[in-house]
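Order of listing sets the numbers, starting from 1, for every ligand and every atom in it.
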Amino acid sequence: MRLQRLRTSQAWREMLEETTLQVQDLIMPVFIHEGLQQPQEISAMPGISQQSFSSLLTEIESIAATGIKAIILFGIPLKKDSHASEAFNPNGVVQRAIQEIKSIFPELIIIADCCLCEYTDNGHCALSDPAKTLLTLQKIAVSYAHSGVDIIAPSGMLDGMVSAIRHGLDSEGFHRISIMSYAVKYASAFYGPFREAAGSLDTFKGNRKHHQMNPAQRREALREAELDCAEGADILMVKPATLYLDIVRDLRNRFDHPLAVYHVSGEYAMLKAAAQRGWIDEMPAIQETLLSMKRAGAHMIITYFAKQIAPFL
Ligand code: PBG
């Protein structure tokens, strides 16, 4: 009965909790689609929709009402081309969304995913010329900054992307904008539903194994994180989350940077599917899942469950 003494009542168990899950830990992803008249649910992600400009602010309001402090924005443009030119159009889909959201919800922290894959006609995260890719990422980040973004999140796993973006931001005076780098992103099978969400289902054929990490690698994750720290990343991210908690702990032990995890589309879909069939009890399963990320050492969790779970925390 030595350790069970510590579990004798709910109040006592709560007082002794080592790890907590709080609403300020959560970041809610938001998809904004330039071509929609009304929101469209993503078939493999029940409860998550691409927003239209007519539904965007209502969605943001319902997110902010739960106490969530940050969103991460993904844009789906009408036009894609070989240069990803819509991504740095000052009136592009993300630029407009940032401006609209900031005008009504100035306190809400807007993180913008910064990548080419939603904007290229082949769905790739990079152009064929690496130098041009970095220059393009820099242009995108600067144009998001002009629209009022708070944090830039480069997600392409390309060497040099963080320093290119940092230089671009600094040279335009945007010193206060942070970079949240997808520093350790694995070539995962769990991004499937995101392809539909990001509108690259038809354009993207192939895989991203040339730049995303091999799931077999552990020590290499530390090298990736080191590189991004050296390039000026303010916040590190590990992605996916639940399958890579060992990596989260490795990074937590080695770096003092704030650490984020991305609970990705396939991880969401798995839990939703089991819950919809009544095979697991949804709310406790979500809480336990997200808590495991905090316990592994994450500060922040990007999760499609954010809006659903926030009122219960
Ligand atoms: C790429 C990007 C991806 C995700 C976020 N940013 C897809 C990819 O790398 O193939 C996946 C997120 C998810 O699955 O929820 N810019």
**Message:** For Gln212, state whether at least one heavy atom is located under 4.0 Å from any atom of ligand 1.
**Reply:** yes
**Prompt:** For ligand 1, which atoms have a heavy atom of Cys115 less than 4.0 angstrom away?
**Reply:** 16 (N)
**Message:** Tell me the protein heavy atom at minimum distance from atom 16 (N) of ligand 1, and give that distance in Å.
**Reply:** Ser155 OG, 2.8 Å
**Asked** Is it true that Arg254 and Asp250 have a side-chain N and a carboxylate O under 4.0 angstrom from each other?
**Response** no
**For Asp113, atoms of ligand 1 separated by under 4.0 Å from a heavy atom** = 6 (N), 16 (N)
**Message:** Could you check whether Glu107 pairs with Lys69 (Lys NZ or Arg NE/NH1/NH2 to Asp/Glu carboxylate O, under 4.0 Å)?
**Reply:** no
**Request:** Select the closest option to atom 9 (O) of ligand 1 among Lys239, His211, Lys185, judged by heavy-atom distance.
**Result:** Lys185
**Shortest protein heavy-atom distance from atom 10 (O) of ligand 1, along with the residue and atom involved** = Arg195 NH2, 2.3 Å
**Prompt:** How close does the nearest protein non-hydrogen atom get to atom 14 (O) of ligand 1, and which residue and atom is it?
**Reply:** Ser265 OG, 2.7 Å
**Asked** Which ligand 1 atoms are under 4.0 Å away from a heavy-atom of Cys117?
**Response** 1 (C), 16 (N)
**Message:** Between Glu282 and Lys272 (salt bridge meaning N to carboxylate O under 4.0 Å), is one present in this structure?
**Reply:** yes
Contacts table for residues 150-158: side-chain donor-acceptor under 3.5 angstrom, sequence neighbours left out:
{"unit_1": "Asp150", "atom_1": "OD2", "unit_2": "Lys102", "atom_2": "NZ", "d": "2.8"}
{"unit_1": "Asp150", "atom_1": "OD2", "unit_2": "Ile110", "atom_2": "N", "d": "2.8"}
{"unit_1": "Ser155", "atom_1": "OG", "unit_2": "Asp113", "atom_2": "OD1", "d": "3.1"}
{"unit_1": "Ser155", "atom_1": "OG", "unit_2": "Asp113", "atom_2": "OD2", "d": "3.1"}

**Message:** Whether the side chain of Glu118 engages the backbone of Gly199 through a donor-acceptor N/O pair (distance < 3.5 Å, no angle test) should be reported.
**Reply:** no
**Prompt:** Between the candidates Tyr268, Phe194, Phe74, Tyr186, which shows the shortest non-hydrogen contact distance to atom 12 (C) of ligand 1?
**Reply:** Phe194
**Item:** Side-chain donor/acceptor of Asp281 to backbone N/O of Pro284, under 3.5 Å
**Value:** no
**Request:** Identify the protein heavy atom lying closest to atom 15 (O) of ligand 1, giving its residue, its atom name and the separation to 0.1 Å.
**Result:** Tyr304 OH, 2.6 Å
**Request:** Mark up the atoms of ligand 1 that fall under 4.0 Å of a heavy atom belonging to Arg208, in ascending order.
**Result:** 8 (C), 9 (O), 10 (O)
**Fill in**
Residue pairs passing the ring pair (Phe, Tyr, Trp, His ring centres under 6.0 Å) test with at least one member in residues 27-46, sequence neighbours excluded, are Phe31-Phe74, Phe31-Phe194
**Asked** Would one find an N or O of Glu118, backbone or side chain, under 3.5 Å from an N or O of ligand 1?
**Response** no
**Asked** Which heavy-atom pair separates Ser143 from Ala87 by the least distance, and what is that distance?
**Response** OG-O, 4.1 Å
